[in-house]
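Data block below; observations after.
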Number of protein chains: 2
Amino acid sequence: MLDAAASVWARDFSASLSTIAERAEVSRSTLHRYFTDRQALIDALLLDSLARLESLDDGSAPASAIYTLEQHLRAGVEMGDRVIFLFSDPNRFDGNPHWSADDGDEEMRALMDRARDEGAVAPEIPTTWAVTLFYALLYSAAEVSNQDLPRHVAADLAVQSFRRGVAP
Amino acid sequence: MLDAAASVWARDFSASLSTIAERAEVSRSTLHRYFTDRQALIDALLLDSLARLESLDDGSAPASAIYTLEQHLRAGVEMGDRVIFLFSDPNRFDGNPHWSADDGDEEMRALMDRARDEGAVAPEIPTTWAVTLFYALLYSAAEVSNQDLPRHVAADLAVQSFRRGVAP
DNA sequence: GCGAAATGCGACAGTGGTGTCGCAGAATGA
DNA sequence: TCATTCTGCGACACCACTGTCGCATTTCGC
């Protein structure tokens, strides 16, 4: 059901619960049994998607910041609709307790600053822009890999565009 | 009213007509007098925004493709909410007669190919990705210039990220 | 095969947005 | 000043979505 919600809401967040139930091949009743509210489904999907995003980078040895960013980018593109759901509208979850904008954001900014220290990001580029670019590329690559390009190709292009786009 | 609609719908396309009327400081009745339908308002805003986008590049002498792209980017960022409205959801206007996806798209692809011929775009980058990147940067710069960075700074950064992101 | 749990179906009231009206008051211009 | 036009207000029916039920049916584990 979460997958169905992601794939539907990735394209149209105003889509009804009937649509999602249909996509999930369950009745609307069943959907309501697992998620009492529309809000409950949103929260569950948000939480699940964030958890997946978080779980991307454990287990590996600490690497350079720019490499870590790359890995995030590739793994994020792999998530497809989940990522589109999360990032297609920057203020979709504004009031949501599970979505503190500075949640992963602060961590991301720190990572970006480390990348700058490593010389992978030009000093004159504001952290805000680098982060914005990162998410824009992540979203775009996920989006385009639903249509025109194979997923890994899109990921490669996003990585390349990011590296060069922020390089000194 | 179109401005109000753009500024509201740029952030939440599911926002009601009451919200837009309020933002425009007119009554809902008046709004309905000018635009019978919700759809009519959408179409009017779409048409107007597209027209503005088109009218960006006339009058100037023919320049290099990459320079033309830059100018489009800068001018687009200047449009702010209109651009966000147009591009925040890539398939928002899918069935709309005024939105032939290959409308400006074909022109944009041709421009991108010219830029590749000029050596400004790496040959191994698919046109699709270059175009996607262009619109992602346009959207992001417009978005970020509503929050953190001055408009022209955001435009500069977008231009820089684009040039380097696609350069050979 | 049997009982428990999960699912589907249809119906229901509540809700918020939508589109339409008529009427009253304000604004405009001759 | 007067007539025309524009605007705001409130009311209305309509509709799609939502959330909740009860009940019948299926599925699953034993």
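With contacts defined as side-chain heavy-atom distances shorter than 4.5 Å, the pair A:Gln39/A:Asn96 qualifies.
Distance, B:Asp12 CG to C:dG16 C1': 14 Å, rounded to whole Å. One atom, CD of A:Glu22, and another, P of D:dT18, lie 13 Å apart when rounded to the nearest Å. When the P atom of D:dC17 is taken as reference, atom CG of A:Leu41 falls 16 Å away, rounded to whole Å. Between B:His32 atom NE2 and D:dC12 atom C1' there is a gap of 14 Å when expressed in whole angstrom units. For B:Leu31 and D:dC6, the CG to P distance is 16 Å, given to the nearest whole Å. For A:Met1 and C:dG8, the CE to P distance is 8 Å, given to the nearest whole Å. Spacing between atom OH of A:Tyr34 and atom P of C:dA5 amounts to 13 Å, rounded to whole angstrom units. Distance A:Arg38 CZ to D:dT18 P: 5 Å, rounded to the nearest Å.
No continuous path of hydrophobic side-chain contacts links A:Leu73 to B:Tyr139 [ILVMFWY only; heavy atoms under 4.5 Å]. Both A:Ile125 and B:Val144 are members of a single hydrophobic cluster when ILVMFWY side chains are connected at heavy-atom separations under 4.5 Å. Taken together through direct or relayed side-chain contacts under 4.5 Å among Ile, Leu, Val, Met, Phe, Trp and Tyr, A:Val121 and B:Phe162 form part of one hydrophobic cluster.
OP1 or OP2 of C:dG8 has at least one side-chain nitrogen or oxygen of A:Thr30 nearer than 4.0 Å. The side chain of B:Ser27 places no N or O atom within less than 4.0 Å of a non-bridging phosphate oxygen (OP1 or OP2) of D:dT7.
Out of D:dT20, C:dG17, D:dG19, the shortest distance to the side chain of A:Thr36 is found at D:dT20.
You'll find a donor-acceptor pair under 3.5 Å spanning the side chain of A:Ser29 and the base of C:dC9, going by distance alone. Counting distance only, with no hydrogens placed and no angle test, the side-chain atoms of B:Arg28 and the base atoms of C:dG17 include no donor-acceptor pair under 3.5 Å. With hydrogens and angles ignored, no donor-acceptor pair closer than 3.5 Å exists between the side chain of A:Arg33 and the base of D:dG19.
Atom NE2 of residue A:His32 and atom CZ of residue A:Arg28 lie 4.5 Å apart, to the nearest 0.5 angstrom.
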